[in-house]
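Count residues from 1 along the sequence.
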Amino acid sequence: MARSRSGTRGRRGPRKPPRRDGAQQSQVQVLDPRERGAIELPATITVKELADALAVNPADVIRELIKSGIFATINQLIDRDTASLVASELGYEVAEAAAVSAAPSVDGETDGVVPEATKELLFEEDDPSALQPRAPIVTVMGHVDHGKTSLLDALRTTTVAAGERGGITQHIGASEVEKDGKRIVFLDTPGHEAFTAMRARGARVTDIAVIVVAADDGVMPQTLEAINHARAARVPIVIALNKIDKADGNADRVKTELTEAGVVIEEYGGDVPLVPVSARTGQGLDELFEMLLLVSDLQELTANPKRKAIGTIVEAELDKGRGPVATALVQTGTLKVGDIIVVGETFGKVRALENDKGKRIAKAGPATPAVVLGLSDVPQAGDILRVVADEKEARSTVERRKAETSARGGEASGRATLEDLYRQIQAGQAKELRIILKSDVSGSLGAITHSLERLSTDEVRINLLHEAAGDITDNDVMLAAASNAIVVGFNTRVTDTARRAAESEGVDIRLYDIIYKLTDDVDAALKGLLEPEIVEVIEGRAEVRQIIRVGRQVIAGSYVTDGRIVRGGARVWRGGKVVATDRIESLRRFRDDVREVAANFECGIGLANFNDVVEGDVIECFTSQTVSRAVTG
């Protein structure tokens, strides 16, 4: 069951009753638990900051989270109830959320002073009496040409006012559908690609996933992808069986194929609703609408409209006439014209808000999509929008985030790799190895799956998030990034876009052409025996144009023709053959020792042991790097 996106998630632990004086409850600075009995926790806190507050190793916190079925990274936010459970399991007493002494403002928000170091993480604990039901946020996914867009258009058309010409006048990435006073928000994404890309950036915006399956076509590869992406996000699934008006439609076949894919519908004794619909005739649309409301009611989705707004950017672009334009989905609180907002690494003042019909609005409450004008730069999809007190706080927050991003530039991505798996197991950070498996033909998948599943141990199990025949695509990489998984390919190749995405996201891709080699590597990783591969990286080449003798040493006066020359390994090429492999001991520009020389510059190269360099030789410079052991194809 999905969590509420208000400040209190309500997953674990008792919720504090509302204060009798009506003041909002807010968080004070967390003190060292060694200095007092009970610790105080904010509404949300990162794993690392919780570990600091408890004076324990972050691995201990992650271990306790895994016991509860929560797989979190060190920088991931968790809610107060979850943090309280972890603290209790580690032997700490958790204090009830205390209120900062402050008078509530007109809209019910407190104006208490929060220490600068904790201002971004601490925001007011919601009073249960302030929570109100909110509309569900639904993402529609499925195979291409199965009618996702047609279904959305049909839902909109049946619910807009009769006088509105064409119904929807503007496409903004998210839209509202209202019927009989009940509202549903649909994310107009290209499908599971955008859905998972936002998950990879840490955004959690979807309450329900509608998987559209055409009755005349059945379960297709992209259908399976969409199902697996929704499962990985732990989002409730509703099947919309589209095109039931077509003569060649076969609903029973589709239901059987869904069962084979592990999706057992309610009719067959499972828990996944299936609604037959026709986007062309409108058949079943009312039933689908009611089913989505029923599923959302079971989740008890609530939010506090009286707090400062928090939301997620669905899409953004630079408009020549209006500047940076972002579509935001407000998740809790109310966003108003004039608010100062921070979005990712940019900020601004809300100059104007527009709804999904293109009309100007003064405010946007929980579960409401709105076009936001007034940001200083274009944010990225998935960035979190927060309302802050003033421009000074906004500017300092953005500067701090940029500094943190710059500081993390040289650090590892933190994604799962086979090399790091054993260390994560020992630290209690890994209970399962998540794998996306791609093969050249579907026949190989069964054998590989069986071999991998046999490798599961008491410490860690193999979890195949997705398996399919075909090339490794950027969709696979984004699912791996969002789920902290690795991608394994057998006799298949990586597309160029997938390779770039993997480099950008830090996703580990492994390619094999022998099954036992694949399973041996995974088995070795589980046992901590997998050694990383040392590979050579060609840095540059230089042509020898003059020989200079200094005592017994020979200096090769050279011209750098390609790349750069640095101190490290070197090969001497003569007549297309390698005549020596050595290392560069000295590197000079004129009389100065230098660390490197770029292309189109001259330098003097001194090799450690080889003195038989002659004019016309080419010195190739290389360095050694440790990389994941993957066959590149």
Side-chain angles (χ1 to χ4, degrees), residues 2-6 131-142 148-149 151-161 164 167-192 194-195 198-199 203-212 230 233 235-238 240 275 285-286 288-305 309-316 326-335 353-359 361 363-372 381-385:
R3 301 180 183 176
S4 166
R5 283 172 176 79
S6 59
L131 296 177
Q132 298 180 14
R134 66 166 176 83
I137 301 167
V138 178
T139 297
V140 180
M141 302 187 287
K148 299 188 299 291
T149 303
L151 182 61
L152 275 171
D153 289 343
L155 284 166
R156 295 191 192 105
T157 303
T158 58
T159 54
V160 296
E164 289 190 19
I168 300 300
T169 58
Q170 185 179 7
H171 175 76
I172 64 168
S175 56
E176 298 181 37
V177 172
E178 185 171 345
K179 186 175 182 182
D180 299 330
K182 297 179 180 180
R183 195 166 59 93
I184 296 178
V185 177
F186 288 95
L187 289 185
D188 300 350
T189 69
H192 55 267
F195 169 78
M198 294 180 72
R199 278 189 60 230
R204 298 291 186 271
V205 295
T206 301
D207 300 313
I208 304 170
V210 173
I211 309 296
V212 180
V235 175
I237 294 174
V238 174
V275 182
L285 295 184
D286 290 343
L288 178 60
F289 195 88
E290 292 299 326
M291 179 59 70
L292 294 176
L293 290 176
L294 175 61
V295 174
S296 69
D297 286 344
L298 294 174
Q299 299 183 67
E300 298 179 352
L301 304 174
T302 58
N304 179 4
I310 299 175
T312 300
I313 300 301
V314 177
E315 62 184 20
T327 299
L329 185 59
V330 179
Q331 292 166 269
T332 188
T334 299
L335 182 64
L353 294 171
E354 297 176 358
N355 64 12
D356 60 331
K357 311 296 190 300
K359 297 179 180 179
I361 55 177
K363 59 184 180 180
T368 301
V371 173
V372 181
D383 279 346
I384 304 301
L385 177 149

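- To the nearest 0.5 Å, atom CZ of residue Phe186 and atom OG1 of residue Thr139 are 10.0 Å apart.
- Residues Pro136 and Ser296 come closest through the heavy atom pair CB-CB, 3.4 Å.
- In this structure, the separation between CZ on Phe289 and CD1 on Ile184 is 4.0 Å, given to the nearest 0.5 Å.
- Nearest heavy atom pair, residue Ala370 against residue Ile361, reads CB-CD1, 4.4 Å.
- Put simply, CG on Leu187 and CD on Glu315 are 10.0 Å apart, with the number rounded to the nearest 0.5 Å.
- Under the side-chain contact (heavy atoms from CB on, under 4.5 Å) criterion, Leu294 pairs with Met291, sequence neighbours left out.
- Atoms CD and CG, from Gln132 and Asn304 in turn, are 7.5 Å apart once rounded to the nearest 0.5 Å.
- Side chain of Asn355 to backbone of Lys357: a donor-acceptor contact under 3.5 angstrom is found.
- Note that CD of Glu290 is 12.0 Å distant from CG of Leu285, once rounded to the nearest 0.5 Å.
- Ala367 and Val185 make their closest contact through O-CG2, 3.0 Å (heavy atoms, listed as atom of the first residue, atom of the second, distance).
- Here CG of Leu155 is found 8.0 Å from CG of Leu292. Values are rounded to the nearest 0.5 Å.
- In this structure, Thr334 contributes its side chain and Pro305 its backbone to a donor-acceptor pair below 3.5 Å.
- Applying the side-chain contact (heavy atoms from CB on, under 4.5 Å) criterion to Ala328, with sequence neighbours excluded, gives Ile313, Val372, Leu385.
- Listed here is the closest heavy atom pair of Asp356 and Glu176: OD2-N, 2.9 Å.
- Between Pro236 and Gln299 the shortest heavy-atom distance is CG-NE2, 3.9 Å.
- Residue Arg134 is tested with Thr332, Asp207, Thr368 for a side-chain hydrogen bond (donor to acceptor under 3.5 Å, both in side chains); the sole match is Asp207.
- For Val330, the side-chain contact (heavy atoms from CB on, under 4.5 Å) test picks out Ala309, Leu335, Ala364, with sequence neighbours left out.
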